[in-house]
Amino acid sequence: MSTLAGLPADLLESLEGITSMGVITGAGVSAESGIQTYRGQGGLYDDEAEGDATVEALSASTLHHDPDRTWRVVAELARRSVDAAPNPAHHAIAQLEQNLTRFVLLTQNVDGLHKLAGSRNVIDIHGDVLDTRCRDCGARGRFTPEEVRALEGTPFCPDCGGVRRPNAVLFGEMLPEDKVRRMHQEFYADPPDLVLIAGTTAVFPYIAEPIVVANQRGRLTIEVNPEPTIVSPHVRWSLRGKAGEVLPLIAEALTSD
Ligand code: OAD
């Protein structure tokens, strides 16, 4: 039996001739690497009281008046990231980029696993939890895994002594303008032939919109998620499965002759 047996025959047929692709990912793509998702059973926000406290800790206003509290949560997220390794979903996405003429990955994940797997044209719209910038002088930095494991409390800027902040989007903050511009160029000007969304509840409109637009403009659209989401009614194919199992099948279908 072919390894592609898990994909419907008419989906395989519609993948023929695809040369450009956009992929949109969320926490579910890292679930099989052992990283907790945000929503749903066992997610970071699953327990309502703890979830609210986490959201508050990850907000711009908490960073402003109590950076230690923000850093306690960020340091924990960063430790989980450096202790994790890319799974077959990350590798399949990197393989797709190598084999298609045009490829873009929009991810909400801050764990850096896509880049570690080899993805290059990545719009990490929420940033990367290992990257920092100084709140005062703006100097950029990046923690090594050893620094992350040893991190306690607020880190300070080696240049000016100011508070270092994660170079990631906190609640109550705007998205980085340059990344929003790239997202528009890649997904709206001339949407890729295929747009695939995986492992996200797509609660943010800027995540749901590119796939809805691609579908409206006649592009092939696929969702990979064990559960239905708000974008499910707007995609051509809803594949109910784990990213680490379904994405390698799609990569194989698109990269074999
Ligand atoms: P969520 O935690 O909201 O959603 C995770 C999704 O992954 C759910 O739809 C699950 O059904 C699905 N899922 C779980 N396991 C999976 C697997 N093995 N394969 C495929 N899918 C699986 O995560 P996001 O949608 O990424 O923002 O959350 C969006 C944003 O909300 C995050 O980037 C974060 C959070 O607040 C910031 O930190 C700014």
Side-chain angles (χ1 to χ4, degrees), residues 6 23-48 50-63 70-71 73-78 80-81 84 86-93 105-114 122-131 165-176 179-180 183 196-211 222-235 237-251:
V23 174
I24 303 168
T25 65
V29 162
S30 293
E32 289 154 86
S33 294
I35 296 184
Q36 202 179 9
T37 59
Y38 295 91
R39 298 169 187 83
Q41 214 183 4
L44 208 57
Y45 308 154
D46 189 16
D47 177 290
E48 204 176 317
E50 245 181 74
D52 288 351
T54 304
V55 169
E56 200 178 295
L58 291 174
S59 70
S61 63
T62 302
L63 177 75
T70 301
W71 272 107
V73 176
V74 172
E76 187 49 36
L77 294 177
R80 287 177 195 176
S81 300
N87 67 53
H90 298 104
H91 291 301
I93 292 168
L105 170 61
L106 169 64
T107 187
Q108 299 160 90
N109 298 347
V110 291
D111 55 34
L113 292 181
H114 281 300
V122 183
I123 306 172
D124 52 352
I125 194 75
H126 293 161
D128 184 317
V129 82
L130 294 189
D131 289 334
R165 57 154 296 163
N167 197 25
V169 178
L170 297 174
F171 289 99
E173 293 186 322
M174 304 283 282
L175 296 171
K179 292 183 185 174
V180 171
M183 195 167 81
L196 179 147
I197 189 163
T200 176
T201 43
V203 286
F204 297 128
Y206 52 87
I207 295 302
E209 257 166 37
I211 191 129
I222 303 176
E223 178 182 48
V224 179
N225 198 312
E227 306 286 336
T229 72
I230 52 170
V231 298
S232 304
H234 303 280
V235 295
W237 290 95
S238 284
L239 303 178
R240 297 271 160 261
K242 291 184 175 180
E245 291 167 7
V246 179
L247 281 162
L249 299 180
I250 299 207

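Whatever order the structure lists ligands and atoms in, that order sets their numbers, starting from 1.
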With sequence neighbours left out, write down each residue that passes side-chain hydrogen bond (donor to acceptor under 3.5 Å, both in side chains) with [X], or none if nothing qualifies.
{"X": "Thr229", "result": "Glu223"}
{"X": "Glu50", "result": "none"}
{"X": "Asp124", "result": "Lys179"}

Donor + acceptor pair across side chains of Ser30, Ser33 (<3.5 Å): no
At less than 3.5 Å, what protein N or O atoms come close to the N or O atoms of ligand 1? Include the distances to 0.1 Å.
{"from": "ligand 1", "atom 1": "2 (O)", "to": "Tyr38", "atom 2": "N", "distance (Å)": "2.7"}
{"from": "ligand 1", "atom 1": "2 (O)", "to": "Arg39", "atom 2": "N", "distance (Å)": "2.7"}
{"from": "ligand 1", "atom 1": "3 (O)", "to": "Arg39", "atom 2": "NH1", "distance (Å)": "2.7"}
{"from": "ligand 1", "atom 1": "3 (O)", "to": "Thr201", "atom 2": "OG1", "distance (Å)": "2.6"}
{"from": "ligand 1", "atom 1": "7 (O)", "to": "Gly199", "atom 2": "O", "distance (Å)": "3.3"}
{"from": "ligand 1", "atom 1": "9 (O)", "to": "Asn225", "atom 2": "ND2", "distance (Å)": "2.9"}
{"from": "ligand 1", "atom 1": "11 (O)", "to": "Asn225", "atom 2": "OD1", "distance (Å)": "2.8"}
{"from": "ligand 1", "atom 1": "18 (N)", "to": "Glu32", "atom 2": "OE2", "distance (Å)": "2.8"}
{"from": "ligand 1", "atom 1": "19 (N)", "to": "Ala243", "atom 2": "N", "distance (Å)": "2.9"}
{"from": "ligand 1", "atom 1": "25 (O)", "to": "Thr200", "atom 2": "OG1", "distance (Å)": "2.6"}
{"from": "ligand 1", "atom 1": "25 (O)", "to": "Thr201", "atom 2": "N", "distance (Å)": "3.0"}
{"from": "ligand 1", "atom 1": "25 (O)", "to": "Thr201", "atom 2": "OG1", "distance (Å)": "3.2"}
{"from": "ligand 1", "atom 1": "26 (O)", "to": "Ala27", "atom 2": "N", "distance (Å)": "2.8"}
{"from": "ligand 1", "atom 1": "28 (O)", "to": "Arg39", "atom 2": "NH1", "distance (Å)": "3.0"}
{"from": "ligand 1", "atom 1": "31 (O)", "to": "Arg39", "atom 2": "NH1", "distance (Å)": "3.0"}
{"from": "ligand 1", "atom 1": "31 (O)", "to": "Arg39", "atom 2": "NH2", "distance (Å)": "3.2"}
{"from": "ligand 1", "atom 1": "33 (O)", "to": "Gln108", "atom 2": "O", "distance (Å)": "3.4"}
{"from": "ligand 1", "atom 1": "33 (O)", "to": "His126", "atom 2": "ND1", "distance (Å)": "3.0"}
{"from": "ligand 1", "atom 1": "36 (O)", "to": "Tyr45", "atom 2": "OH", "distance (Å)": "2.7"}

Supply the atom-to-atom distance Ile125 CD1 to Gln108 CD, rounded to the nearest 0.5 angstrom. 9.0 Å
Got a salt bridge between Arg165 and Glu173, using NZ or NE/NH1/NH2 to carboxylate O under 4.0 Å? yes
